[in-house]
Amino acid sequence: RPRVFSGMQPTADSLHLGNYLGALRQWVALQDDHDAFYCVVDLHAITAGHDPDDLRRRTRAVAAQYLAAGVDPERSTLFVQSHAPEHAQLAWVLGCITGFGEASRMTQFKDKAARQGTEGATVGLFTYPVLQAADILLYQADLVPVGEDQRQHIELTRDLGGRFNSRFGEVFRLPQPHIARATAKILDLQDPTAKMSKSIGGAGLVELLDDPKRIEKRIKSAVTDTGRDVLYDPEGKPGVSNLMTILAAFTGTTVERVQDDFAGRGYGDLKKAVAEAVLATAVPLAERQRALLEDPAELDRLLARGAEKARAVAAGTLAAVYDRVGFVPAR
Ligand code: AQP
């Protein structure tokens with residue numbers, strides 16, 4: 001069965017609409033016919049400054065979100081990145097074949113560094129995509145289900161894997177990004193020219209585990225466009241089109257159908273329908289997640305089992321890498 005790898009950072013108490021539609025929902029669907037590895041990427045979460053207690057809480061909360069959304073720990077390997085030291089070990093090796101200029105071209109680094117200022121941005125944030133490449137290559141993944149914002153990092157992963165293979169001998173399978181076209185980039189509800197993002201936050205962010213009243217309020221205050229008709233036109237009507245995308249995704253239909261359904265109706269009706277559709281998924285998701293967090297010992301046991309399964313694969317890849325690179329084996 002083809003292999004899948006993906007992860008999310010424990011950098012917030014809740015995933016947002018983009019994380020769910022762009023990534024997590026795809027993960028759940030892929031586990032039926034793929035051998036899936038889903039990781040809580042806590043090493044990545046310390047690249048931009050963090051609080052240790054928040055990190056601990058959010059790591060378990062993110063694992064519980066995966067489970068609540070339908071990741072099945074019997075079929076998929078669910079684990080925490082720092083439990084498998086091979087990620088950091090492979091990242092070092094890959095960092096040594098990454099060009100400084102190549103890493104400097106990563107747009108996510110440029111955007112986040114611009115927000116934090118040159119002194120605020122860490123070396124960890126700069127090498128983040130190299131660690132991400134290690135995450136993926138360790139498991140010999142065929143597919144990486146992510147949002148559009150991650151496409152460049154998957155390209156880098158392929159470049160690094162291919163470079164290693166040609167320099168030292170074939171070790172890595174080169175992965176393909178798996179980007180769901182319809183939901184590749186969910187936009188901020190207040191600024192529909194920007195992607196919805198945890199770190200930007202603000203009133204345009206909809207977190208699925210948030211208070212239902214606030215979810216509804218944020219959807220109802222979404223910026224819409226001039227005119228009154230519910231038409232799908234991402235260039236001319238980015239706000240309305242984004243809401244239509246969200247509604248179509250949550251109700252399992254297409255934006256064309258949404259457009260037909262809303263012929264002759266206004267933006268207010270559309271927002272009401274979006275809020276209902278989002279809450280129909282968000283409320284039970286939050287309930288399941290809360291129940292899972294009531295038994296942290298069971299959650300930790302599950303993650304320990306996942307780490308064992310992950311390491312069985314990761315250790316094999318790392319051993320091959322160390323051998324090809326020329327490290328003398330430890331006795
Ligand atoms: N707006 C989005 N639309 C579609 N997919 C999205 N993803 C993130 N935002 C959108 C996808 O969700 C996964 C989360 O990965 P992450 O935890 O590493 O977060 P991120 O990519 O850095 O994006 P966030 O969650 O919004 O955080 P920041 O604030 O850091 O930008 C990935 O698969 C991502 O593509």
Side-chain angles (χ1 to χ4, degrees), residues 4-30 36-50 55 58-59 61-63 65-66 69 71 80-81 87 106-116 121-122 124-125 128-129 131-133 135-136 141 143-157 175-202 204-209 222 234 238-239 241-243 245-246 248-250 278:
V4 166
F5 177 92
S6 200
M8 254 182 231
Q9 301 184 71
T11 44
D13 286 323
S14 170
L15 78 175
H16 59 70
L17 284 181
N19 300 145
Y20 181 73
L21 295 177
L24 187 51
R25 208 170 68 142
Q26 317 299 328
W27 302 4
V28 174
L30 283 166
F37 287 74
Y38 296 132
C39 186
V40 182
V41 290
D42 56 347
L43 300 179
H44 287 279
I46 65 168
T47 54
H50 76 288
L55 180 63
R58 289 170 173 171
T59 298
V62 169
Q65 278 170 35
Y66 293 178
V71 168
V80 174
Q81 189 183 25
H87 290 247
M106 295 296 117
T107 54
Q108 190 180 73
F109 171 74
K110 288 196 278 189
D111 291 348
K112 290 193 177 179
R115 271 187 260 143
Q116 296 186 350
T122 64
L125 185 66
Y128 180 117
L131 177 59
Q132 187 175 344
D135 300 339
I136 297 164
L143 282 186
V144 189
V146 284
E148 181 61 41
D149 60 327
Q150 294 299 322
R151 188 187 289 279
Q152 192 186 32
H153 289 172
I154 312 303
E155 274 304 311
L156 178 73
T157 302
Q176 294 288 348
H178 176 83
I179 300 176
R181 202 172 49 84
T183 52
K185 188 175 176 186
I186 301 298
L187 304 172
D188 186 284
L189 299 192
Q190 288 298 317
D191 174 10
T193 59
K195 80 155 194 151
M196 189 175 283
S197 148
K198 287 187 278 226
S199 53
I200 293 176
L205 173 73
V206 176
E207 296 184 305
L208 286 178
L209 303 174
S241 302
N242 190 41
L243 291 172
T245 297
I246 295 168
F250 276 104
V278 170

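Both backbone and side-chain heavy atoms feed into the values below; hydrogens, waters and symmetry mates do not. Atoms within each ligand, like the ligands themselves, are counted from 1 in listed order. These figures come from a predicted structure and were not determined experimentally.
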Legend entry - Under the ring pair (Phe, Tyr, Trp, His ring centres under 6.0 Å) test, residues paired with H87 that sit two or more places apart: F79, Y139
Inset, instruction - Let me know which protein residues bring a heavy atom to under 4.0 Å of ligand 1; chain then number is fine for ordering. - result: M8, Q9, H16, G18, N19, G22, A23, Q108, K112, Y128, V146, G147, D149, Q150, T183, A184, K185, I186, K195, M196, S197, K198, S199
Legend entry - Carboxylate-amine/guanidinium proximity below 4.0 Å for D13 and R58: yes
Legend entry - Check: L209 main-chain N/O paired with S14 side-chain donor or acceptor under 3.5 Å: yes
Legend entry - salt bridge (charged side-chain N to carboxylate O under 4.0 Å, His left out) partners for E207, two or more places apart: none
Legend entry - Positive for side-chain contact (heavy atoms from CB on, under 4.5 Å) with D42, one of T11, V80, V62: V80
Inset, instruction - Under the side chain to side chain donor-acceptor pair (under 3.5 Å) rule, collect the residues that match up with Y128, sequence neighbours excluded. - result: Q9
